[in-house]
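Take a look at the structure set out below.
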Amino acid sequence: MSVKMATFGGMANNCYLLVDDNTNQSALIDCSQYNQRMLDLIGDTDLKYILLTHGHYDHIMGAKEVKEKFGCKIAIAAEDASMLSSARESLALFSGAQQNNTQADIILCDGDKITLGETEITVIKTPGHTKGSVCYMSGDSLFTGDTLFRLSCGRTDFPGGSWDEMQSSLRKLSELDGDMKIYTGHDSTSSLNFERKNNMYMKNL
């Protein structure tokens with residue numbers, strides 16, 4: 001599996017393209033915008049899925065148009081699915097952003113497996129930032145959206161946020177086996193071992 005990354009918009013959202021090297025099938029983790037930069041990220045891969053880490057507007061704004069162009073499927077947890085068609089719930093209404101409403105094709109559950117050729121992606125439910133926040137794990141790569149950041153974690157003061165749930169989710173990630181590269185929804189990449197040792201939100205669990 002190969003991982004490509006591009007950063008979009010004023011909130012510096014990281015979007016990731018996972019590509020199965022044998023089949024060229026791909027999955028886009030979060031879809032912040034639809035523009036030439038996004039098209040360049042997807043390139044000539046066979047895009048099968050848009051895998052959303054949660055439903056806040058800055059992570060979903062390009063999903064409708066990318067889905068229509070490539071015929072791929074949008075996947076999100078049930079608790080956040082309504083955000084795809086509600087500017088109020090996605091918080092777009094309060095930001096001045098124009099949301100392009102769409103709907104989920106796949107509702108994700110904890111432990112679900114998504115296959116790209118020979119590449120397997122596991123869904124890990126991690127509520128706290130939103131009720132339906134998820135992370136995606138493939139091999140030694142962990143895509144954490146707005147749950148885990150380098151030396152930090154996601155906000156819990158938005159509607160649906162919960163500090164208690166965030167602590168449980170961080171504990172769940174901390175207890176995963178081995179070390180992994182952490183691909184975050186904003187800011188820089190990290191590693192799970194580094195966060196276990198240095199992230200105050202993980203150290204104090």
Side-chain angles (χ1 to χ4, degrees), residues 11 13-18 25-34 47-68 70-95 97 99-116 119-138 141-149 153-173 175-176 183-186:
M11 297 183 71
N13 287 80
N14 296 328
C15 297
Y16 302 96
L17 189 77
L18 282 62
Q25 293 181 3
S26 65
L28 182 65
I29 296 184
D30 288 338
C31 189
S32 297
Q33 296 180 353
Y34 178 78
L47 185 67
K48 296 296 186 182
Y49 304 103
I50 300 171
L51 305 179
L52 298 174
T53 60
H54 63 291
H56 283 158
Y57 75 94
D58 55 313
H59 293 257
I60 69 171
M61 293 296 286
K64 178 180 185 292
E65 290 165 303
V66 169
K67 173 183 174 178
E68 290 175 350
F70 293 94
C72 57
K73 295 181 178 181
I74 296 175
I76 193 170
E79 295 87 347
D80 282 12
S82 61
M83 295 183 185
L84 295 173
S85 58
S86 171
R88 178 177 294 276
E89 293 184 33
S90 74
L91 306 183
L93 180 65
F94 309 102
S95 72
Q99 178 160 318
N100 294 317
N101 289 341
T102 188
Q103 293 182 335
D105 301 291
I106 300 170
I107 297 298
L108 300 171
C109 297
D110 191 43
D112 280 353
K113 308 292 185 182
I114 297 162
T115 301
L116 294 173
T119 298
E120 187 175 79
I121 304 165
T122 301
V123 178
I124 304 173
K125 291 285 289 290
T126 53
H129 184 62
T130 67
K131 289 293 185 186
S133 288
V134 302
C135 298
Y136 297 98
M137 181 175 65
S138 184
S141 298
L142 184 64
F143 301 84
T144 58
D146 285 7
T147 297
L148 176 64
F149 298 128
C153 66
R155 294 176 58 169
T156 60
D157 58 334
F158 292 129
S162 166
W163 176 239
D164 287 343
E165 289 184 332
M166 177 63 77
Q167 288 182 299
S168 295
S169 292
L170 292 176
R171 185 177 297 108
K172 187 176 184 178
L173 296 181
E175 292 173 352
L176 293 173
Y183 295 91
T184 62
H186 303 269

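Keep in mind that the numbers below use all heavy atoms, side chains included, and drop hydrogens, waters and symmetry copies.
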CG of Leu142 to OG1 of Thr184, rounded to nearest 0.5 Å, is 10.5 Å

For Ser141, give me all partners under side-chain contact (heavy atoms from CB on, under 4.5 Å), at least two apart in sequence or on another chain. Met1, Phe143, Tyr183

Can you list everything that forms a side-chain contact (heavy atoms from CB on, under 4.5 Å) with Ser26? Sequence neighbours excluded, please. Leu17, Val19, Thr45, Leu47

Does Lys64 pair with Glu68 as a salt bridge, N-O distance under 4.0 Å? yes

In this structure, NE2 of His56 is separated from CD of Glu89 (nearest 0.5 Å) by 10.0 Å

The criterion is salt bridge (charged side-chain N to carboxylate O under 4.0 Å, His left out); which residues satisfy it with Glu165, sequence neighbours excluded? Lys131

Short question: side chain of Asp30, backbone of Thr53 - any donor-acceptor pair under 3.5 Å? yes

Looking just at side-chain N and O atoms, do Thr147 and Ser169 make a donor-acceptor pair shorter than 3.5 Å? no

To the nearest 0.5 Å, tell me how far Ile107 CD1 sits from Ile76 CD1. 7.5 Å

Got a sec, which residues hit side chain to side chain donor-acceptor pair (under 3.5 Å) with Asp164, two or more places apart in sequence or on another chain? none

Can you name the residues that form a side chain to side chain donor-acceptor pair (under 3.5 Å) with Asp80, not counting sequence neighbours? Thr130

Counting only heavy atoms from other residues, nucleotides and ligands, does the tally under 6.0 Å from CD of Glu120 exceed 12? yes

Rounded to the nearest 0.5 Å, what's the gap from CG on Leu148 to OG on Ser133? Could you check? 12.0 Å

Does Ala27 have any side-chain contact (heavy atoms from CB on, under 4.5 Å) partners at least two apart in sequence or in another chain, and if so, which? Tyr49, Leu51, Leu116, Ile121

Partners passing salt bridge (charged side-chain N to carboxylate O under 4.0 Å, His left out) against Glu65 (at least two apart in sequence or in another chain): none

Nearest atoms (heavy-atom pairs only) where Gly55 meets Ile60: O-CD1, 3.6 Å

Just to verify, what does Ser162 make a side chain to side chain donor-acceptor pair (under 3.5 Å) with, not counting sequence neighbours? none

List in chain and number order the residues that pass side-chain contact (heavy atoms from CB on, under 4.5 Å) with Thr115, two or more places apart in sequence or in another chain; answer none if no residue qualifies. none

In chain order, what residues pass the ring pair (Phe, Tyr, Trp, His ring centres under 6.0 Å) check against Tyr34, with sequence neighbours excluded? none

Output for pair (Asp146 CG, Phe158 CZ), nearest 0.5 Å, gives 9.0 Å

Please check if the number of heavy atoms outside Arg88 that lie under 6.0 Å from its CZ is greater than 12. no

Could you list the residues that satisfy side chain to side chain donor-acceptor pair (under 3.5 Å) with Ser90, not counting sequence neighbours? Gln99

For residues 103-114, the salt bridge (Lys or Arg N to Asp or Glu O under 4.0 Å) pairs (sequence neighbours left out) are Lys67-Asp105, Asp110-Lys172

